[in-house]
Engineer: 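This is the structure I want to talk about, given as structure tokens.
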There are 2 protein chains.
Amino acid sequence: MSRQLTAKGHSTRARIIEGAAAVLRELGVAVVTLEDIMARTRTSKSQLFHYFPAGKDELLLAVAQFEADRVLDDQQPHLGRLDSWAAWQRWRDAVIERYEKQGDQCPLGALFFQVGRSTPGARAIVVELLRRWQESLAEGIRALQAAGRLPAEVNVEQRSAALLAAVQGGVIILQTTGEIHHLRAALDQALADLRGGAEQRVRG
Amino acid sequence: MSRQLTAKGHSTRARIIEGAAAVLRELGVAVVTLEDIMARTRTSKSQLFHYFPAGKDELLLAVAQFEADRVLDDQQPHLGRLDSWAAWQRWRDAVIERYEKQGDQCPLGALFFQVGRSTPGARAIVVELLRRWQESLAEGIRALQAAGRLPAEVNVEQRSAALLAAVQGGVIILQTTGEIHHLRAALDQALADLRGGAEQRVRG
DNA sequence: CATAGTCTGGACTGACCGGTCCATTCCAGG
DNA sequence: CCTGGAATGGACCGGTCAGTCCAGACTATG
């Protein structure tokens with residue numbers, strides 16, 4: 001990281017990250033070169049190394065963080081307010097829509113596979129993202145419990161972990177096959193089971 | 001593909017694929033070079049191009065097919081005989097064990113990201129793998145129905161799709177975080193829900 | 001307006017790596 | 001045992017690309 005950045009510097013740095021993210025989504029991390037990023041962001045090589053002294057890896061890591069932040073942001077405000085079945089449904093719709101739009105581009109997953117194994121930082125970004133994601137889901141389940149819509153015996157930890165896995169699995173299948181069907185099935189089934197289990201308990 | 005392969009030729013070709021698969025699992029597809037594969041398999045560059053005339057991509061594709069075949073094989077015989085709850089549990093154990101052993105190496109996923117977007121063949125391999133995988137799960141659910149352990153109204157298609165997504169999600173989380181917890185939670189929850197829904201129906 | 005530090009341009013380099021080529025050895029069939 | 005095709009070894013090539021370097025422009029601050 002550079003020591004001193006002027007306002008102009010900050011905006012250039014941000015422009016590089018956003019442009020790099022865009023070109024990464026289009027071309028894929030395996031193919032992308034610094035030249036591609038330079039062309040897209042209208043910067044020179046010396047600028048790239050000025051703002052990311054450690055080179056390509058540091059830049060890719062910054063892009064990974066940028067993309068990771070977007071993942072949860074794109075699910076708001078629904079993800080942060082899962083206190084009714086209707087809210088869960090809205091969240092489900094938001095997830096479907098977001099990934100339907102994104103299609104088979106996997107900015108974060110691809111980034112992870114590229115930088116991942118080598119750089120510990122990349123793994124940390126993804127781990128933190130998943131942790132916060134699951135925590136939001138767990139919070140939502142607890143909110144349902146608090147509202148009396150789910151029995152207290154529901155295993156929040158296992159439910160939220162399974163829910164997160166369902167989403168991840170649906171997404172990865174979308175990205176490999178191009179079909180959103182599995183994501184939809186996984187989400188609908190998981191929510192139906194969550195609700196079904198509740199009704200079963202409530203009635204019994 | 002070469003025209004004529006002697007017995008020796010076949011064994012060398014197989015040796016290359018297996019060695020390449022091993023070194024790919026260790027180093028990751030983004031880093032691996034032909035030199036690495038040559039060193040591991042004790043072959044020369046001319047051999048690589050003799051057996052895979054189209055070069056690195058063709059070799060990686062062959063490795064992808066090799067790995068894809070292993071995925072389902074490793075779940076047998078359980079995956080092919082899901083006709084009782086005990087059988088499903090044995091399958092679940094086999095999956096957990098297989099991926100626990102594999103850890104955070106993702107031979108197939110990584111391969112897909114490398115060759116995937118560019119080569120249509122790679123996507124076809126993964127699509128076919130997922131299709132057969134889900135079909136086996138659907139078959140298992142139908143077997144439970146036939147045995148009277150699940151009501152006929154169970155949506156086989158959605159259940160099997162969600163089940164596949166659960167496994168995939170658990171695996172991808174294992175590979176990014178190194179923790180097998182989510183895979184376990186996803187499988188256990190999915191099976192519990194499948195069974196729970198059944199009991200609910202049977203009792204009601 | 002002086003100047004020091006930031007910002008930008010772009011030529012250059014050096015290493016790496018996929019792929020080619022030719023020479024040599026091996027081996028199966030006649 | 002001859003011979004043609006398969007199998008192998010390894011030198012060499014050419015392109016690519018991350019990273020370096022220096023020169024010059026811009027700008028904030030005193």
Side-chain angles (χ1 to χ4, degrees), chain A residues 1-20 23-24 26-64 110-111 114-119 121-122, chain B residues 1-20 23-24 26-64 111 114-115 117-119 121-122:
Chain A
M1 185 78 46
S2 323
R3 36 268 197 110
Q4 209 78 318
L5 286 192
T6 68
K8 192 178 183 183
H10 272 109
S11 94
T12 300
R13 188 171 190 275
R15 195 178 83 234
I16 292 175
I17 291 178
E18 286 167 34
V23 70
L24 268 166
E26 287 170 23
L27 303 181
V29 70
V31 188
V32 113
T33 72
L34 292 186
E35 310 262 340
D36 295 326
I37 297 173
M38 286 160 57
R40 167 67 62 108
T41 60
R42 289 193 307 282
T43 50
S44 67
K45 193 162 276 189
S46 63
Q47 281 173 289
L48 259 42
F49 281 85
H50 179 66
Y51 294 107
F52 306 93
K56 196 180 189 182
D57 279 2
E58 185 184 352
L59 171 55
L60 290 182
L61 213 60
V63 173
L111 236 22
Q114 175 76 4
V115 194
R117 209 93 55 206
S118 50
T119 318
Chain B
M1 186 76 47
S2 324
R3 37 274 192 104
Q4 209 78 319
L5 286 191
T6 67
K8 192 180 184 183
H10 272 109
S11 94
T12 300
R13 188 171 191 277
R15 195 178 83 235
I16 292 175
I17 292 178
E18 286 168 34
V23 70
L24 268 167
E26 287 171 21
L27 303 182
V29 70
V31 188
V32 113
T33 72
L34 293 186
E35 310 261 340
D36 296 327
I37 297 173
M38 286 161 57
R40 166 67 62 110
T41 60
R42 289 192 308 282
T43 50
S44 67
K45 193 163 278 190
S46 63
Q47 281 174 289
L48 258 43
F49 282 85
H50 179 66
Y51 294 107
F52 306 93
K56 197 180 187 182
D57 278 3
E58 185 183 352
L59 171 55
L60 290 183
L61 213 62
V63 173
L111 235 24
Q114 175 75 2
V115 196
R117 209 92 56 206
S118 50
T119 317

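Per chain, numbering begins at 1; letters A, B, ... match sequence-line order.
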Engineer: Would you sort out whether A/Asp57 and A/Leu61 count as a side-chain contact (heavy atoms from CB on, under 4.5 Å), showing the intermediate values?
Structural biologist: CA-CA 6 Å; A/Asp57 279 2; A/Leu61 213 60; over 6 Å; no

Engineer: What integer distance in Å separates B/Glu58:CD from C/dG19:C1'?
Structural biologist: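 Atom-to-atom, B/Glu58 to C/dG19, this comes out as 14 Å.
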
Engineer: What is the distance from CG of A/Leu5 to P of D/dT27, rounded to the nearest Å?
Structural biologist: 16 Å

Engineer: Just checking B/Thr33: base, sugar-phosphate only, or nothing, at a heavy-atom cut-off of under 4.0 Å?
Structural biologist: sugar-phosphate

Engineer: State, with a plain yes or no, whether a side-chain heavy atom of B/Gln47 is found less than 4.5 Å away from one of B/Met38.
Structural biologist: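 No, side chains not in contact.
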
Engineer: What about B/Lys45: does its side chain form a donor-acceptor pair under 3.5 Å with the base of C/dG19?
Structural biologist: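 Result: at least one qualifying N/O pair found.
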
Engineer: For A/Met38 and C/dT8, give me the distance from atom CE to atom P, rounded to whole Å.
Structural biologist: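 A/Met38 atom CE is separated from C/dT8 atom P by 13 Å.
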
Engineer: Using a 4.5 Å cut-off on heavy atoms from C-beta on, say whether the side chain of B/Arg13 contacts that of B/His50.
Structural biologist: no

Engineer: So does B/Arg15 get a backbone contact from the side chain of B/Glu18, meaning a donor-acceptor N/O pair under 3.5 Å?
Structural biologist: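 Judged by distance alone, no pair lies under 3.5 Å.
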
Engineer: Would you mind classifying the nucleic acid contact of B/Ser46 as base, sugar-phosphate or nothing, using non-hydrogen atoms under 4.0 angstrom?
Structural biologist: base

Engineer: Tell me which nucleotide among D/dA7, D/dC26, D/dG10 gets nearest to the side chain of A/Lys8.
Structural biologist: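 For A/Lys8, the side-chain atoms sit closest to D/dC26.
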
Engineer: Rounding to an integer number of Å, can you tell me how far B/Arg15 CZ sits from D/dT8 C1'?
Structural biologist: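 Whole-Å distance recorded here is 11 Å.
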
Engineer: Which whole-number value in Å describes the distance from A/Phe49 CZ to C/dT6 C1'?
Structural biologist: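 Nearest whole value for this atom pair: 18 Å.
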
Engineer: Taking OP1 and OP2 of C/dT8, is either one under 4.0 Å from a side-chain nitrogen or oxygen of A/Thr12?
Structural biologist: yes

Engineer: Under 4.0 Å from OP1 or OP2 of C/dG9: is there any side-chain N or O of A/Ser44 that close?
Structural biologist: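 Affirmative; the distance criterion is met.
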
Engineer: Side chain of B/His50, heavy atoms from C-beta onward: which of C/dG18, D/dA18, D/dA6 has the nearest atom to it?
Structural biologist: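 The answer is D/dA6, which lies nearest to the side chain.
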
Engineer: For A/Leu34 and D/dG19, give me the distance from atom CG to atom P, rounded to whole Å.
Structural biologist: 7 Å

Engineer: Below 4.0 angstrom from OP1 or OP2 of C/dG19, is there any side-chain N or O of B/Lys56?
Structural biologist: no

Engineer: How long is the line joining CG of A/Leu59 and P of D/dC17, in whole Å?
Structural biologist: 16 Å

Engineer: Taking only side-chain nitrogens and oxygens of B/Gln47, does any of them come within less than 4.0 Å of OP1 or OP2 of D/dT8?
Structural biologist: yes

Engineer: Rounding to a whole Å, what distance do you find between A/Asp36:CG and D/dT16:P?
Structural biologist: 12 Å

Engineer: At under 4.0 Å, does any side-chain N or O of B/Tyr51 touch on OP1 or OP2 of D/dT8?
Structural biologist: yes

Engineer: Relative to the 5' end of DNA chain C, which residue comes earlier, B/Glu35 or B/Thr6, by the nucleotide with the nearest heavy atom?
Structural biologist: B/Glu35

Engineer: How far apart are the C-alpha atoms of B/Ile17 and B/Phe52, what are their side-chain angles, what is the distance that settles it, and do they pass the side-chain contact (heavy atoms from CB on, under 4.5 Å) test?
Structural biologist: CA-CA 10 Å; B/Ile17 292 178; B/Phe52 306 93; 3.7 Å; yes

